[in-house]
Amino acid sequence: MKKTNRNEKIRNIAIIAHVDHGKTTLVDAMFRQSGLFRPGLEVDERIMDSMDLERERGITIAAKNCSVQWNGVKINIIDTPGHADFGGEVERALSMADGAILLVDASEGPLPQTRFVLKKTFEKGLKVVVVINKIDRKDARPDQILDEIYDLFIDLDADGEQLDFPYLYAIGREGIAKKTLAEKSDDLHLLFETILNEIPAPEYDPEEPFQMLVSDLGYSDYLGRLAIGRISNGKAEFHDTMVCINDNGEHLPLKISKLQVYDGMNLKEVDAAEPGDIVVLSGIEDVKIGDTICTKEYPKPLKRITVDEPTISMEFTINTSPLSGKEGKIVQSGKIRERLIKETLKNVAVRFEQTEDRERFIVKGRGEFQMAILIETMRREGFELSVGRPKVIYKHLNGTLLEPIETLFVDCDEHFLGIVTEKLSIRKGRLTNLVNNQSGRIRAEFSIPSRALIGYRDEFLTDTKGTGIMNTLFAGYEPFRGDFPTRFTGSIVSDRQGNSVAYALYHLEPRGRLFIVPGEPVYAGMIVGEHNKTVDISANPSKEKKLTNMRAAGKDESTVCSPVQPMTLERAINFIKDDEMVEVTPQSIRLYKKTLSVKKRKYKNELN
Ligand SMILES: Nc1nc2c(ncn2[C@@H]2O[C@H](COP(=O)(O)OP(=O)(O)OP(=O)(O)O)[C@@H](O)[C@H]2O)c(=O)[nH]1
Ligand SMILES: [Mg+2]
């Protein structure tokens with residue numbers, strides 16, 4: 001019979017929430033109050049957001065481990081991202097946790113990603129502690145939010161025990177948690193106590209030998225590949241010989257060359273690690289997330305981590321534009337391929353496919369923002385490449401074409417509902433719910449194809465004068481709803497190579513919105529702006545004014561061009577159509593037609 005002990009010296013928790021509800025900020029406060037920083041030490045905000053892109057964008061991209069000590073118990077914490085595109089990170093993080101802290105903003109309440117992460121926690125059968133955070137907000141409505149959280153639990157079929165969830169109110173930024181709103185509190189001791197009392201200590205079978213599921217990978221220049229995971233059973237010691245069972249069932253030998261555990265944000269070397277603890281183990285190169293590390297004598301694989309399927313795919317190729325190879329350090333297809341495969345090792349939600357063409361790859365993931373982050377990371381590493389439009393992944397079932405559908409939640413001023421509904425219905429969206437809370441704002445829910453939302457966010461913000469909030473939740477696959485245009489405007493395309501000049505751009509301005517400024521290099525097929533009408537037009541952005549020796553009567557027309565909104569990677573990949581590509585280099589983002597020559601494009605169009 002299976003015996004179960006619990007390692008009472010450890011708790012493993014994941015902090016989960018919708019984006020921006022304050023997870024990483026709460027971890028800061030937990031660090032401060034568990035005595036991790038010496039008093040008076042200046043510490044950055046959101047210290048767990050350590051990647052450059054995380055700091056620049058103020059969001060968490062990858063789930064990360066750390067730990068704090070409270071009353072002799074080590075709490076391993078996994079801070080997770082709240083953005084829907086990084087949902088795979090939450091699924092991965094939960095494989096190391098025995099419970100979760102669900103943060104809910106006291107004003108915004110449960111939002112789509114709150115539902116997603118809570119559902120994943122229930123699927124794993126993990127205990128949840130609810131924290132209603134940011135109760136200092138002027139528009140906080142904590143009582144109402146608590147009701148909404150109950151409703152969400154009920155909606156997700158929570159059983160009686162789950163419905164009796166422990167909850168706290170908090171101001172994470174000030175490091176305060178309390179049981180009732182009236183109560184006075186100036187620290188987080190109630191949160192720490194609740195974690196110790198409510199989250200079960202990790203369970204293990206004392207008779208089973210060592211077993212660990214690899215939930216994350218790291219890399220160190222000295223140690224090579226690092227395998228990170230929670231020890232399910234048994235003990236590990238420095239120099240132990242083990243095996244790693246991979247997805248083919250092969251047993252790869254390994255000798256633990258270093259054993260580390262989390263100590264605050266850092267790693268601490270140890271000689272031995274106990275069951276239930278989260279460890280970082282080195283000694284094997286060929287290891288993947290989902291593999292099991294166990295003893296050679298009793299090799300028993302644990303259930304591999306499963307994550308939701310990708311819903312979006314994108315084409316990655318070498319940069320073939322006439323300006324290629326001038327700005328990037330890494331341009332070869334082999335290197336791009338290697339880098340993309342490396343990404344799939346660490347990022348469980350990303351898939352890689354080689355096409356028949358050696359220089360063309362397909363990358364699949366959860367959303368275009370996740371793709372943009374990957375591409376941005378690569379360009380910072382010195383890569384130069386081209387990418388196509390993000391496309392949704394279709395499925396076939398019994399001869400029916402199925403497409404991914406999202407539930408879109410819109411919160412906006414009631415005056416804008418008309419325009420939003422109109423735009424969404426052109427894109428095959430259906431209004432499924434509408435709540436008018438009499439405050440002048442409405443909350444509407446739409447069922448809409450995922451492909452309709454690629455590039456829609458910018459338009460939504462323009463239509464709601466920047467005041468609308470939209471959130472999406474993947475709802476599943478449904479029969480294809482039919483075609484609709486992906487963009488309602490054409491492109492202004494350069495017909496030759498040269499350098500753009502103010503005179504030409506000034507005269508192009510009335511035709512649409514330009515992407516380039518005078519002095520930029522252009523080439524035939526490069527997209528220099530968005531045309532007001534649905535068709536593409538060709539133009540010569542390097543056309544100089546004809547010089548005459550006759551002075552024109554009156555004032556010379558001014559050629560001061562209007563300011564241009566810089567083309568960001570996200571805007572670019574959301575803008576392009578199927579026959580267009582984005583050229584990405586460490587310095588530039590340029591858009592171009594897949595067929596560069598205007599003659600060949602015309603010929604192709606005539607054929608179609
Ligand atoms: N008013 C108020 N704001 C807070 C509080 N805690 C965090 N914030 C603010 O909320 C914003 C988001 O905080 P983060 O800690 O980055 O949120 P997050 O949940 O980690 O975000 P993601 O990881 O990107 O999902 C920041 O501007 C914080 O300063 C709080 O207790 N009260
Ligand atoms: Mg965060």
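Ligands are counted one by one from 1 in listed order, and the atoms in each one are counted from 1 as well. Nothing here was measured: the structure is a model prediction, and the numbers come from that model.
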Ligand 1-proximal atoms of V19, by part, heavy-atom distance under 4.0 Å: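 It is both parts that get close, each with some atom under 4.0 Å.
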Among all protein non-hydrogen atoms, which one is nearest to [atom], and what is the separation to 0.1 Å?
{"atom": "atom 24 (O) of ligand 1", "answer": "T60 N, 3.1 Å"}
{"atom": "atom 12 (C) of ligand 1", "answer": "D20 OD1, 3.4 Å"}
{"atom": "atom 11 (C) of ligand 1", "answer": "K134 NZ, 3.9 Å"}
{"atom": "atom 25 (O) of ligand 1", "answer": "K23 NZ, 2.8 Å"}
{"atom": "atom 32 (N) of ligand 1", "answer": "D136 OD1, 2.8 Å"}

Please verify the inter-ring angle class for [X] with [Y]; under 30° counts as parallel, over 60° as perpendicular, anything in between as tilted.
{"X": "F460", "Y": "Y456", "result": "tilted"}
{"X": "F474", "Y": "Y477", "result": "perpendicular"}
{"X": "F515", "Y": "F575", "result": "perpendicular"}
{"X": "F86", "Y": "H83", "result": "tilted"}

Angle at the Mg ion (ligand 2) (to 10°), with one arm to OG1 of T24 and the other to OG1 of T60: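 Rounded to 10°, it measures 100°.
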Side-chain heavy atoms of R115 within contact of D155, under 4.5 Å: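 Side-chain contact under 4.5 Å: yes.
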Side-chain donor or acceptor of Q33 paired with backbone N/O of G175 under 3.5 Å: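 Between the backbone of G175 and the side chain of Q33 there is a qualifying donor-acceptor contact (under 3.5 Å).
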Minimum non-hydrogen distance to atom 5 (C) of ligand 1, winning option of R46, Q113, R173: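 Checking each option, the heavy atom nearest atom 5 (C) of ligand 1 is found in R173.
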Heavy-atom nearest option to atom 13 (O) of ligand 1, drawn from D105, T25, L26: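 Going through D105, T25, L26 one by one, T25 has the nearest heavy atom to atom 13 (O) of ligand 1.
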Sub-4.0 Å heavy-atom contact, A17 with ligand 1: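 Under 4.0 Å: no for A17.
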Under 4.0 Å from a heavy atom of [X]: give me the atoms of ligand 1 that qualify, with their elements.
{"X": "H21", "answer": "19 (O)"}
{"X": "R137", "answer": "1 (N)"}
{"X": "I59", "answer": "24 (O)"}
{"X": "I171", "answer": "31 (O)"}
{"X": "N133", "answer": "31 (O)"}

Shortest non-hydrogen contact from A29 toward G172: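 Closest approach of A29 to G172, heavy atoms only: CB-O, 3.5 Å.
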Contact summary for F165 and V128, nearest pair of heavy atoms: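 In terms of heavy atoms, the two residues are closest at CB-O, 4.0 Å.
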Note: K346-E89 ion pair, threshold 4.0 Å (strictly below):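 No.
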Full working for side chain to side chain donor-acceptor pair (under 3.5 Å) between E193 and N197: CA-CA 6 Å; E193 278 170 19; N197 297 335; 5.4 Å; no
